[in-house]
Protein chains: 2
Amino acid sequence: MIRDLELAFIKIHILHHADKEGVFGIGLMAELARHGYGIGPGTLYPTLAKLEKGGFLTCAARTVEHKQRKYYHITPKGRALLNNMRAKLKELYQEVIEEQ
Amino acid sequence: MIRDLELAFIKIHILHHADKEGVFGIGLMAELARHGYGIGPGTLYPTLAKLEKGGFLTCAARTVEHKQRKYYHITPKGRALLNNMRAKLKELYQEVIEEQ
DNA sequence: TTTTACAATATCGTATTCCGATATTATCAT
DNA sequence: ATGATAATATCGGAATACGATATTGTAAAA
């Protein structure tokens, strides 16, 4: 009932980070935890897979620091979604925070 | 995959409006449509019922303009949630919009 | 070469949610 | 009473959430 609100914010975070640099599962979990968001592997990995399947992210396996990771990057379609959400976020911010 | 992002924003909208004044189903649908959000009765009414059940909104039936409506108002618990989401929204805004 | 340890990703099952279409309820005018 | 309209409620198939568990890949130790 409430959780989905956080999850939505988490997804926007993911798109935003995937726009700036490659992101991978565990790294994201740590980054999100730093921001006060909790998400476990059972939710995050299927989410990344769905974002890839939907064409918003691309995936490339790479070995870094002796660890096999799947790095995700944003696609043009993903960037379009992100920009769309940015616009909605801006509007929501203005209504819910600025004008009270 | 994407829809839930909009839905989260819609729920925050609902809480925000229910904080300012009484809101009811169809009125909300029109208001949200004005903001570019689409939500049908099959989603909105269960959502309102769940928010009430969760203790975030209270409900009072009233007859206005010859129409029987169920007006929802925010509760202290709902306001706490709203403020929590406001804080997260602010943080997200700063990260995703301001600092690019 | 096997084994061990560890990091990273993937899957499973139950409970919950979404939402278009349809049904139900309430009110007033005729 | 009857009809018209506004508002709310319900149904069912498809999709999602997520803790717990399993699987895969890498490198150092035995």
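Numbered from 1 within each chain, the chains take letters A, B, ... in sequence-line order.
Judged by closest nucleotide on DNA chain D, B:Lys67 is the one of B:Lys67 and B:Tyr72 placed further toward the 5' end. Map A:Thr43 and B:Gly40 each onto its nearest nucleotide of DNA chain C; the residue landing nearer the 5' end is A:Thr43. Mapped onto DNA chain C by nearest heavy atom, B:Arg3 and A:Ala49 fall at different nucleotides, with A:Ala49 at the one closer to the 5' end.
Here the nucleotide nearest the side chain of B:Thr47, chosen from C:dT27, D:dA9, C:dC18, is C:dC18. Ranking C:dA10, D:dT8, C:dT27 by closeness to the B:Lys70 side chain, first place goes to D:dT8. Among C:dA8, C:dT11, D:dT10, the nucleotide with an atom closest to any side-chain atom of B:Tyr45 is D:dT10. Looking at the side chain of B:Lys50, the nearest of the listed nucleotides D:dA7, C:dC18, C:dA10 is C:dC18.
Both tests do not hold together for B:Lys50 against B:Tyr45: distance to the six-membered ring centre under 6.0 Å, angle to the ring axis within 45°. Cation-pi geometry between B:Lys70 and B:Phe24 is not satisfied (NZ or CZ under 6.0 Å from the ring centre, within 45° of the ring normal).
A:Gln68 has a side-chain polar atom (N or O) that falls below the 4.0 Å cut-off from OP1 or OP2 of D:dT26.
Atom CG in B:Leu28 sits roughly 9 Å away from atom P in D:dT8 (whole-Å rounding). Between the C1' atom of C:dA7 and the OH atom of A:Tyr71 lies a distance of 12 Å, rounded to the nearest Å. Atom CD in B:Glu65 sits about 23 Å away from atom P in D:dA4, given to the nearest Å. For the pair B:Met1 CE and C:dC18 C1', the interatomic distance rounds to 14 Å; values are reported in whole Å. In this structure, A:Ile26 atom CD1 and D:dG25 atom P are separated by 16 Å, rounded to whole Å. Here D:dT8 presents its P atom at 7 Å from CZ of B:Arg69, a figure rounded to the nearest Å. Remark: P of C:dA10 and NZ of A:Lys53 are 13 Å apart, rounded to the nearest angstrom. When the P atom of D:dG25 is taken as reference, atom CZ of A:Arg62 falls 18 Å away, rounded to whole Å.
Side-chain atoms of B:Leu48 and B:Ile14, non-hydrogen and from C-beta on, do get closer than 4.5 Å to each other. Considering only heavy atoms from C-beta on, B:Lys11 stays 4.5 Å or farther from B:Met85 through its side chain.
Using a 4.0 Å heavy-atom cutoff across all strands shown, B:Leu44 reaches no nucleic acid atom at all. A:Leu7 comes within 4.0 angstrom of the backbone, heavy atoms only, and of no base.
Between B:Glu91 and B:Lys88 there is no salt bridge, since no side-chain N of the basic residue sits under 4.0 Å from a carboxylate O of the acidic one.
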